[in-house]
Amino acid sequence: MQEQYSPRDIEAAAQAEWNRTNAFQVNETPDQETFYCLSMFPYPSGKLHMGHVRNYTIGDVIARYQRMQGKNVLQPMGWDAFGMPAENAAMNNNVAPASWTYSNIDYMRTQLQSLGLAVDWSREFATCTPEYYRWEQWLFTRLFQRGVIYRKNGTVNWDPVDQTVLANEQVIDGKGWRSGAVIEKREIPMYYFRITDYAEELLTSLDDLPGWPEQVKTMQRNWIGKSVGMEVQFPYDVDSIGEAGRLKVFTTRPDTLMGATYVAVAAEHPLATQAGATNPQLQAFIDECKRGGVAEADIATQEKKGLATGLFVRHPVTDEKLPVWIANYVLMTYGEGAVMAVPAHDERDFAFAHAYDLPIRPVVRTSAGDETPAPWQDAYAEKGVLINSYEFDGMDFDSALTAIGDVLKQKQLGEARTQFRLRDWGISRQRYWGCPIPIIHCDSCGDVLVPEDQLPVVLPEDVVPDGAGSPLARMPEFYECSCPTCGNPARRETDTMDTFVESSWYFARYASPHYQQGLVDPKAANHWLPVDQYIGGIEHAILHLLYARFFHKLMRDEGLLDSDEPFKNLLTQGMVIAETYYRLEANGGKTWFNPADVTVERDAKGKIVAARLTSDGEPVVIGGVEKMSKSKNNGVDPQSMIEQYGADTCRLFMMFASPPDMSLEWSDTGVEGAHRFLRRVWRLASQHTQGSRPTALVTTSLTDEQKAVRRSIHLAIKQASQDIGHNHKFNTAIAAVMTLMNVLEKAPQVSDQDRALLQEGLETVALLLAPITPHISHGLWQALGHSDPVISAPWPQLDESALVQDTLQLVIQVNGKLRGHLEVAAHASREAVEAAARQNENVVRFTEGLSIRKVIVVPGKLVNIVAN
RNA sequence: GCCUCGAUGGCGGAAUUGGUAGACGCGGCGGAUUCAAAAUCCGUUUCUGGUGACAGAGUGGGAGUUCGAUUCUCCCUCGAGGCACCA
């Protein structure tokens, strides 16, 4: 064994052996328990960032731990390769998105491999290849035939200058990011997945996922947003073109129907469109509402505005005339795009009524009383006994619901209904670098599916987009085709699919990544799926994870899979953050400096008080800790870390600095600390293995001191097993191994049994660290005399008898305050413990002049004496 | 605006079911080794008062439940993630 810890040699040797033996390549071995460990696959943005390293290290630790449990572990890797950044890079550098993407993949694969991941690389794929997306197109055609996909108009961000549709990210303060033009909402036809058909199941089957964080399930429940309420119709005699009709609204508070004083419709509502056509003032307001992007965060934070249409509807119970308003706070995408406004009991209606002087009529007695004076109080929204509601007076929520429901049903003006907040998923994108939608538009046959034997519709790869609409729409060689049904000239769809579609089923494709006869080989898919452990960023808590759950159910209903849910256990990892430093420029802008180029100054206590740019020695402003990003220039390059310290140090630091679900603050000195620890482990093992092979450990004849060392070994096993296997708290598992190392380094090395004990201790360290720092563990294991590699070794077994102690330390409290300690025999009786505590000199001192009211004894823990 | 989560020493974080707050690491301070430095090792390190023994305070702020609260309940402040075309 080398005396110096040399990560470069150790890591190269370990990786060479894993490659030589195809150590992580797996197949459908019968009778071996499987474990499918999946980390969210990366977008090939150029090079690895620390978020990737963290994600894949967490996955690798779990995968390697499960392998040591004797399971057949599948850990695949691939590339989520379609998306906007490739188009932006293409425009900036004049390269085709395809070649940019493929070269990124090549570079990032090498980087990932240098981390020493236990990945089955034979299953790798990229979603931008026809071999992958042909099955997406195939599934599309199946779902289209089943009616799961349909076409309707949707609203997009339209840049009137660049004449193109923009993503929400490309709309900044309501303006186009390149043109600076004011964005407008525009309706275009798009294809939709009927995810709302699965809303109920997506909601209820969350209860079958005990291995998901409660937080994520709550977010998904609220996103799906099931509301039980009533659809109410407000009849009108005449609209702006002189016709009678009914305005439909959905409400969760039908009990407040008698308090409705106006109705409000969205600017896109048909009634508004119609009214605007004959009223220039209204039309101007509608146009104003259509300015700006479609992102809900922007719409919800804008000033509440409205305009009366001059139209009136009739109250369905009282026949009273109520004005119809157009309001920018009514969302066309929820319910009916129209609301009945009850200002007395709804906060937004309340604010709107005050702004526009509309009547407010309280109809529920709340804990704030019978009146609703301004300002708004949350109590106004409470459910309670009805007042000012004619025949419904005195009813509570439930009886009012029934009674009002009955009246509406009798008049055929309303009925109970369930409404979901979840909307159908629009997947059409007017972009080039995505999976083509396999549809052909024919003047006589309509929307015709591309027949299965003509799939895939191949995306041409040598195209450089220019930011002015989709290049496919300007390529006759792509869109000119003949109708598969009638043979007449037709036009191929030029929109591509939302890139969320590729990532909604990739986990299934890994089971049989090269299968040519179908989307999945059903035998392989059912062998591996569902994924036992899924790991990824919390930012995917809703969209990606909901879409993937939805697709899993679609694939199930297509007969491709047997399971109901894709991911049994979910771990959501936190962000990687780092300190930021900047200087203010004369123009008010900020220049950001990388932490690597900055030197910090500390006060006497070690608190950071100032920072200077290393190169010129002049001060910089400390900007606070933020997510690593290009814009703040606070990213640390994983590659240089690996080159400087090795992959094991990098992995160890990332796992030690914080638990996986919390944010992780980068610290150069922390990395050095991790490296120092690995050097200590190596040094102790190196000293130990210089001697002759130790004799066998005889656990029955250990001295008290040796027993204490052995207890430390098994305490570490206990802690690490629980932390890695159960709680995914790798930081405390590592702390346990560090504590063990502190003991082993100080343990005497005199007798044969001392050496045998150290052998057990070092083997334990190697095994407990094996999932986290696999390379050094590989080297240690060999050096400790094992011929089989550490990846084939089983996880260490806890010897409970090593933990047994003869005496225990109890805590003594007086009135809940710590006043002393008490050493008692492990099996001392309650009475004996209490008696001993009462004699403690501090207890006597602190209870002097008081009478003891109560003594609480918590066995094995503490004694609390209550006195006053 | 709405949904979700979080806040503990100088810093990252730990604390089983409500039972010793600060494990482990970083940083700081003091010392050993060295011609010197790096590396390594030893000691110390929540704050306040005290030479000290010791005492008091302390887990974002305020209230509550309890013999006992970082942990449970309510209110507030600040920060983070998401909001359907970033992935």
Side-chain angles (χ1 to χ4, degrees), chain A residues 40 42-43 45 80 83-85 154 156-157 165-171 213-216 218-219 221-223 225 293-302 304 329 333 347-348 421-431 498-500 503 537-544 546-547 572 574-575 577 602-609 624 626-627 653 656-659 661-674 676-677 679-680 683 722 729 731-732 734-739 742 809-813 815-818 820-821 853-856 858 861-862 864-867:
Chain A
M40 290 180 186
Y43 177 79
S45 53
D80 186 17
M84 250 183 9
V156 295
N157 302 307
V165 177
L166 295 184
N168 285 340
E169 191 192 46
Q170 298 170 316
V171 179
E214 211 47 58
Q215 171 194 7
V216 174
T218 307
M219 281 193 269
R221 280 190 195 101
N222 292 337
W223 183 262
V294 299
E296 196 190 313
D298 296 332
I299 294 168
T301 47
Q302 70 193 358
K304 313 258 176 300
Y329 71 90
T333 48
E347 187 169 4
R348 283 181 311 181
R421 205 188 77 96
L422 182 69
R423 321 198 279 263
D424 278 340
W425 174 17
I427 53 123
S428 294
R429 298 290 179 269
Q430 299 68 49
R431 258 184 274 284
D498 181 357
T499 56
F500 270 125
S503 55
I538 182 71
E539 67 273 19
H540 297 291
I542 295 175
L543 290 179
H544 163 61
L546 189 66
Y547 293 149
T572 50
M575 296 176 306
I577 57 180
R602 294 169 186 275
D603 67 8
K605 283 183 179 167
K607 186 180 180 178
I608 294 171
V609 289
E626 298 204 45
K627 180 176 175 171
F653 168 71
F656 179 60
S658 66
D661 53 348
M662 280 174 46
S663 63
L664 180 150
E665 188 178 332
W666 188 263
S667 150
D668 286 336
T669 51
V671 176
E672 278 168 34
R676 194 176 303 150
F677 172 71
R679 274 205 308 260
R680 276 171 53 199
R683 189 177 53 216
Q722 216 165 47
K729 290 254 193 180
N731 55 330
T732 46
I734 294 165
V737 181
M738 288 175 166
T739 308
N742 290 341
Q809 272 247 324
L810 296 191
V811 162
I812 304 176
Q813 296 181 333
N815 288 332
K817 272 186 187 285
L818 176 70
H821 295 272
R853 302 287 173 198
K854 204 171 176 185
V855 178
I856 289 154
V858 183
K861 283 266 155 69
L862 61 72
N864 186 18
I865 291 162
V866 185

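Just so we're on the same page: letters track the sequence lines, and every chain starts at 1.
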J.: Work out how far the C1' atom of rU40(B) is from that of rG6(B), and round it to whole angstrom.
T.: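 It works out to 40 Å between them.
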
J.: Is any side-chain N or O of N864(A) under 3.5 Å from a base N or O of rC67(B), one able to act as donor and the other as acceptor?
T.: yes

J.: Identify all pairs in which a protein N or O lies below 3.5 Å from an N or O of nucleotides 41-45 of chain B, and state each distance.
T.:
from    : atom 1 : to      : atom 2 : distance (Å)
rC41(B) : OP1    : R683(A) : NH2    : 3.3

J.: Start at the 5' end of RNA chain B and walk down; is the nucleotide closest to G670(A) or to K817(A) reached first?
T.: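 Nearer the 5' end of the strand: G670(A).
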
J.: Side chains of N742(A) and R680(A): do they bring a donor and an acceptor to under 3.5 Å?
T.: yes

J.: Pair N157(A), E169(A) - check side-chain contact (heavy atoms from CB on, under 4.5 Å), show working.
T.: CA-CA 10 Å; N157(A) 302 307; E169(A) 191 192 46; over 6 Å; no

J.: If you check every side-chain atom of Q215(A), which of rA14(B), rG19(B), rU4(B) has the closest atom?
T.: rU4(B)

J.: Do I856(A) and V858(A) have side-chain heavy atoms sitting under 4.5 Å apart?
T.: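 I856(A) reaches V858(A) side chain to side chain.
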
J.: Here's a test of your reading of the structure: between G673(A) and A657(A), which maps to the more 5' nucleotide of RNA chain B?
T.: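 The residue mapped nearer the 5' terminus is A657(A).
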
J.: Name the closest nucleotide to the H821(A) side chain, picking from rG13(B), rU20(B), rG10(B).
T.: rU20(B)

J.: Under the 3.5 angstrom rule, does the side chain of R429(A) hit a backbone N or O of D498(A) as a donor-acceptor pair?
T.: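 Side chain of R429(A) to backbone of D498(A), a donor-acceptor pair under 3.5 Å: no, none is there.
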
J.: Considering only the P atoms, how many Å lie between rA14(B) and rG79(B), rounded to the nearest integer?
T.: 23 Å

J.: Please measure how far the C1' atom in rG50(B) lies from the corresponding atom in rG60(B), and state the result in whole Å.
T.: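 Straight-line distance between the two C1' atoms is 31 Å.
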
J.: If the glycosidic angle sits within 90 degrees of zero it is syn, else anti. Tell me which applies to rG9(B).
T.: syn

J.: For each nucleotide in nucleotides 73-87 of chain B, reading 5' to 3', give B when a protein heavy atom comes within less than 4.0 Å of its base, S when such contact involves only the sugar-phosphate, and - otherwise.
T.: -------SBSBBBSB

J.: So that I can tick it off, tell me whether E672(A) and R679(A) are bridged by a salt bridge, with the cut-off set at under 4.0 angstrom between side-chain N and carboxylate O.
T.: no

J.: Quick one: look up who rG49(B) pairs with, Watson-Crick or G-U, both distances under 3.5 Å, and put none if it's unpaired.
T.: rC54(B)

J.: Can you tell me, in whole Å, how much space there is between the C1' of rG82(B) and that of rC76(B)?
T.: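 Result for the C1' pair: 24 Å, nearest Å.
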
J.: Expressed as a whole number of Å, how far does the C1' atom of rU16(B) sit from that of rC2(B)?
T.: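 To the nearest whole Å, 37 Å.
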
J.: What integer number of Å spans the C1' atoms of rG43(B) and rU48(B)?
T.: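 It comes out at 24 Å once rounded to the nearest Å.
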
J.: Would you measure the distance from the P atom in rU20(B) across to the matching atom in rU59(B) and give it in whole Å?
T.: 15 Å

J.: Please give the distance between the P atoms of rA36(B) and rG27(B) as a whole number of Å.
T.: 23 Å

J.: Which nucleotide, rC24(B), rA15(B), rU20(B), lies nearest any side-chain atom of F656(A)?
T.: rC24(B)

J.: Among rG12(B), rG19(B), rU4(B), which nucleotide has an atom closest to any side-chain atom of K861(A)?
T.: rG19(B)

